[in-house]
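What you see is a predicted model, and the numbers here were worked out from it, not measured in a lab. By convention here, the first residue in the shown sequence is residue 1. In listed order, ligands and their atoms are each counted from 1.
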Amino acid sequence: MTESLLPGGAAAASPPKPRIAVLKLASCDGCQLAFLGLGDKLLELSRMVEIVHFAEAGPIGPLTGLDITFIEGSLSTREDLAMVQAVRKESRILVTIGACATSGGIQALRNLSSGTPLSGLYPSPQVIDFLDRSTPVASEVPVDLELWGCPVTGEQILRTLRSLLSGALPPVERDKVCLECKRRQLPCVMVTKGIPCLGPVTLTGCGALCPAFDRGCYGCFGPAENPETASLALRFSGLGLVPGEIARRFLFINNNAPVFLGEGARWQEGSPHE
Ligand code: SF4
Ligand code: SF4
């Protein structure tokens, strides 16, 4: 991307600020909180852009003439879908933030059940116009940039905004969490403690947060490039996990990401090697 986001071009005397919106679909609000968690940096940001719509933070202006729209949450209702289709037409750049918007999130687990027991979840499910499946935003409209994470980090958001405001796409992470462990010189929790860890198949970006606290990664940044999920699943089996546990490792936050969905499904009914 070479074109400046500044309407009228960066050379104009007093160009209007780029218009930004932050929207929420079906989600927990965690990724929006990553914006709010920026604190002083968010104030600095608000001097560079016009935050037109960000209900969690206050502004609820019209969703028209937008330069960058960030969307949190998965498509779960017909109302979500209509909003996303309308906003796509009004946005020069559409960015999905977090596992829900980018892969369908934890709520996509309902896609795996034969009948969603909505009556057990909502007192009046008939007032909610559910879609048949819970899906990522990109399944219905073109998305320019996808930020993985559950939640995304403030640093990811800032880096993305700064790049877009300067007319460039942000660098894309391709490494696995394991590489981050090596860079940080963290002892591998799987090798040293036998803790199952999805780091070998998960995209980095979190700074190997969980292994730094002696926990295995549970894949919240989604699949890395060329993930060897079959080998890792066998390693989990060697660590004593039964097939159902292995399936659940993959069918978790990013259960709807095709490579995790495929590996999870292979182990759901028992070991694929028996
Ligand atoms: S702790 Fe997990 S992410 Fe870190 S090196 Fe070991 S397997 Fe990879
Ligand atoms: S280590 Fe894994 S689960 Fe933990 S924050 Fe990073 S990507 Fe997410």
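Using a 3.5 Å distance cut-off with no hydrogens or angles, the side chains of Thr204 and Glu173 do not pair a donor with an acceptor. Gln107 and Ser134 share no side-chain donor-acceptor pair at under 3.5 Å. In this structure, a donor-acceptor pair under 3.5 Å is absent between the side chains of Asp129 and Thr77. Side chains of Ser27 and Glu72: a donor on one and an acceptor on the other come within 3.5 Å.
Between atom 5 (S) of ligand 2 and the options Gly219, Cys150, Cys206, the minimum heavy-atom separation is to Cys206.
For Tyr218 and Phe250, the ring centers are positioned 6.0 Å apart or more.
With hydrogens left out, the protein atom closest to atom 3 (S) of ligand 2 is Tyr218 N, 3.2 Å, a heavy atom. Looking only at heavy atoms of the protein, atom 4 (Fe) of ligand 2 is closest to Cys210 SG, 2.3 Å. In terms of protein heavy-atom proximity, atom 8 (Fe) of ligand 2 is nearest to Cys220 SG, 2.3 Å.
A salt bridge does not link Asp132 to Arg110: none of the charged nitrogens lies less than 4.0 Å from a carboxylate oxygen.
If you take CE on Met48 and NZ on Lys17, they are separated by 10.0 Å, rounding to the nearest 0.5 Å. Atom NZ of residue Lys24 and atom CD1 of residue Ile97 lie 10.5 Å apart, to the nearest 0.5 angstrom.
The number of protein N, O or S atoms lying under 2.8 Å from atom 4 (Fe) of ligand 1 is 1.
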